[in-house]
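Notes follow the structure.
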2 protein chains.
Amino acid sequence: MRKRKGAGRPTIADVANKAGVSTITVSRALRDPAMVSDHLRRKINNAVRKLNYVPHSHASALASTRSNIIGVIVPSLTNNVFAESLRAIYDAFGQGAFQVQLGNSRYVPAEEERLVRTFLGQRPSAMIVAGTDQTDVTRQLLENAECPVVQIMDVGDDPIDMIVGFSHFEGGKAAGVHLVQQGYKRIGFLGARMDPRSYRRLEGFKEALQFGGRYDPDLIMTTTVSSSVSLGAELIAQFCARRPDLDAVFCNNDDMALGALFGCQKAGLSIPDDIGIIGFNDLEMMAAAHPSLTSIRTDRYAIGRHAVEMIQSVLSGETPDKKIVDLGFELQVRQSTSRAK
Amino acid sequence: MRKRKGAGRPTIADVANKAGVSTITVSRALRDPAMVSDHLRRKINNAVRKLNYVPHSHASALASTRSNIIGVIVPSLTNNVFAESLRAIYDAFGQGAFQVQLGNSRYVPAEEERLVRTFLGQRPSAMIVAGTDQTDVTRQLLENAECPVVQIMDVGDDPIDMIVGFSHFEGGKAAGVHLVQQGYKRIGFLGARMDPRSYRRLEGFKEALQFGGRYDPDLIMTTTVSSSVSLGAELIAQFCARRPDLDAVFCNNDDMALGALFGCQKAGLSIPDDIGIIGFNDLEMMAAAHPSLTSIRTDRYAIGRHAVEMIQSVLSGETPDKKIVDLGFELQVRQSTSRAK
DNA sequence: TTGTATGCGTTATCAC
DNA sequence: GTGATAACGCATACAA
């Protein structure tokens, strides 16, 4: 006879044999203990322990035509901003029956598309993806996916399904308005890893400066290189060398802002009097820095938590209150932009 | 007849029908296109596209008795150190046929045990876990797992299977030796989130100080609170208030060290003359800081990459050169400990 | 190169 | 409350 060897590990049938019951009873005892009598349940649990039985999740997923997988795709693992949303997602799903499957798109849309395809192959219970800038194909795949989909870290009128985040345009605008209000005259923008969200921040920033009559395209400095503290320090030095009259800078994130602080200090510039600095996201270090750094505070943890709540609500059959949730942001004014006017 | 409804999505049989071939041909065309004639392959690919067919990975895993899942468990998602190893792991596995399944144990051994159990339920192709401080049960589960297991971020004589990292004891010792050599007299230790690895750093540090005749248990300050830049700034202030004679401090990680720098600057202390500071891990910001911060450089990315290589080697049937790999560390001396003697 | 029959380990369905 | 049986969707073994 044809025979196939399994993985060799004990199966539910082995447990059933040892406990002297049928497989389905074991299945029930493990999934919903209340459905099985105390007597049998005890015997089954013993057998499970003795055999060191671990249920095979793939077989379960196949038989029940549903998996407990939540697919999550972010563009970066080392960027603290996404890490905090991820932490919220893992915290919320961690204890329950769900498994989080994480993908790293590295800011490459085609990579994201590949990941979406792979994840959908697992018939996930839900999907969470960062941003609104998916390729058309990615979008269509997700629209056809028979599971809730949440986009995070951004807002927009036209979500794939649901969305929770904040407006990067408005955030950038708030930064610009603040610098203008503080009386800075030659206000620059320093942006690394210019992803679509950073561009929206820049657009908002431009609008604020144009409105304030301070817009100078020569004071926009961007690069696609990954942002880092070191890069911030380097670029601000170049920036100041090229335009010694620069007197304030909006960095597209906090790493760049901290780097700008260090770079200015090295150059002997005084913050906030010679030059004002504002970052974006308000990582915890911003308040601790010396001088403390102004930033746009966003609540990444809340975004992750909210995304999970929306998913759980849909999975439990409810209709979520809102499909579009704007959690906003908050300007945190600190020493780095508080100069004596 | 008894009938069960599947998920309703197209199956490999639907594709086979549409293409006018058998299911196994479709299966082959998708897994190894070279096994199928051009003619049929084209028809099959067309059918796949038209039906928007996505293979069901659970069914595949069940039928082939092997999954393409790599289980990874780390204690933190927001700690940059683990994030960088993770990035290496995702980079290495990302393109291939493997899927990384990530778990966050939050520094809780029982949580880690639960995650190991869950992951083993997926019959992973391999497991990667952080550190050597698993519970006995976790260790046994992993020893019985029929897949390669790599412990990362640490070294030790007795790995579960394979291990790649560096010695935290030796790293701490190197930091202590350096401070003694620089002529600092009252050398303290500032440690937050004292996990087992941090304790080993502290032990190495103690040994160096004892050897140098500078050990003072009153200068060891630790807390179990999560480390952060803000916390570093707060604690160094308390530390200096209690022991104004403190003239150097080894922080158990770089966030704490950066915080210590800011805290000292706020207190008007000059670095490195009034007080020397050394961190651990050498995150990129350490070199950019002003003054630049001395640290113990570790290569987290290489650790992750190495772990993947060991796994791939085993999975392809080879025997890895070594089961224990010590990637070491390197003292990076910078301004924060380079005082005029 | 292609197809047929069967098994992977679990759960849904129906019967007792 | 418990059990027998047939799916779940795909890949292996073997044959042609």
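Model, not experiment: these values are computed from the prediction.
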Inset, instruction - To the nearest Å, give me how far apart CG (A:Leu62) and P (D:dG9) are. - result: 7 Å
Legend entry - A:Ser27 side chain near C:dT11 phosphate (N/O to OP1/OP2, under 4.0 Å): yes
Legend entry - Among A:Asn144, A:Asp158, A:Asp133, the one residue meeting side-chain hydrogen bond (donor to acceptor under 3.5 Å, both in side chains) with A:Arg139: A:Asp158
Legend entry - Interatomic distance, B:Asn17 CG vs D:dC10 P [rounded to whole Å]: 13 Å
Inset, instruction - Please state how far atom CG in B:Leu30 lies from atom P in D:dT12, giving the value in whole angstrom units. - result: 13 Å
Inset, instruction - Round to a whole Å and report the spacing from CZ of A:Arg31 to P of C:dG9. - result: 17 Å
Inset, instruction - Measure from the side chain of B:Thr11, starting at C-beta and using heavy atoms only, and say which of C:dT10, D:dC10, C:dC8 lies closest. - result: D:dC10
Inset, instruction - Could you check which of C:dT1, D:dC10, D:dA11 has an atom nearest any side-chain atom of B:His56? - result: D:dC10
Inset, instruction - Tell me whether the OP1 or OP2 atom of C:dA12 has a side-chain N or O from A:Ser64 closer than 4.0 Å. - result: no
Inset, instruction - Please work out which of the three classes, parallel, tilted or perpendicular, describes the rings of B:His58 and A:His58, given edges at 30° and 60°. - result: tilted
Inset, instruction - Round to a whole Å and report the spacing from NE2 of A:His58 to C1' of C:dT11. - result: 16 Å
Legend entry - Euclidean distance, atom CD1 of residue B:Ile24 to atom P of C:dG3 [Å, nearest integer]: 10 Å
Legend entry - Presence of B:Arg28 side-chain N/O under 4.0 Å of C:dT2 phosphate oxygens OP1/OP2: no
Inset, instruction - May I have the distance from B:Asp32 (atom CG) to D:dC10 (atom C1'), rounded to whole angstrom? - result: 16 Å
Inset, instruction - Please say whether the positively charged group of B:Arg193, taken as NZ for Lys or CZ for Arg, lies over the ring of B:Tyr107, i.e. under 6.0 angstrom from the six-membered ring centre and within 45 degrees of the axis. - result: yes
Inset, instruction - Could you please name the option among D:dA11, C:dA12, C:dG3 that lies closest to any side-chain atom of B:Val21? - result: C:dG3
Inset, instruction - Compare the minimum distances between each of D:dG3, D:dT12, C:dC8 and the side chain of B:Ala63, then state the nucleotide with the smallest one. - result: C:dC8
Inset, instruction - State whether B:Thr65 places a side-chain N or O below 4.0 Å from either non-bridging phosphate oxygen (OP1 or OP2) of C:dC8. - result: no
Legend entry - B:Leu120 CG to C:dG9 C1', straight-line distance once rounded to whole Å: 17 Å
Legend entry - Heavy-atom neighbours of B:Asp157 CG exceed 12 at 6.0 Å: no
Inset, instruction - Please check the phosphate of C:dT2 (OP1 and OP2 only) for any side-chain N or O of B:Arg41 closer than 4.0 Å. - result: no
Inset, instruction - May I ask you to decide whether A:Asp299 forms a salt bridge with A:Arg305, counting only side-chain N to carboxylate O separations under 4.0 Å? - result: no
Legend entry - Of B:Ala59 and B:Gly20, the one whose closest DNA chain C nucleotide lies more 5': B:Gly20
Inset, instruction - Report yes if at least one side-chain N or O of A:Ser22 is closer than 4.0 Å to OP1 or OP2 of D:dT2; otherwise report no. - result: no
Inset, instruction - Compare the minimum distances between each of D:dG3, D:dC10, D:dT12 and the side chain of B:Ile12, then state the nucleotide with the smallest one. - result: D:dC10
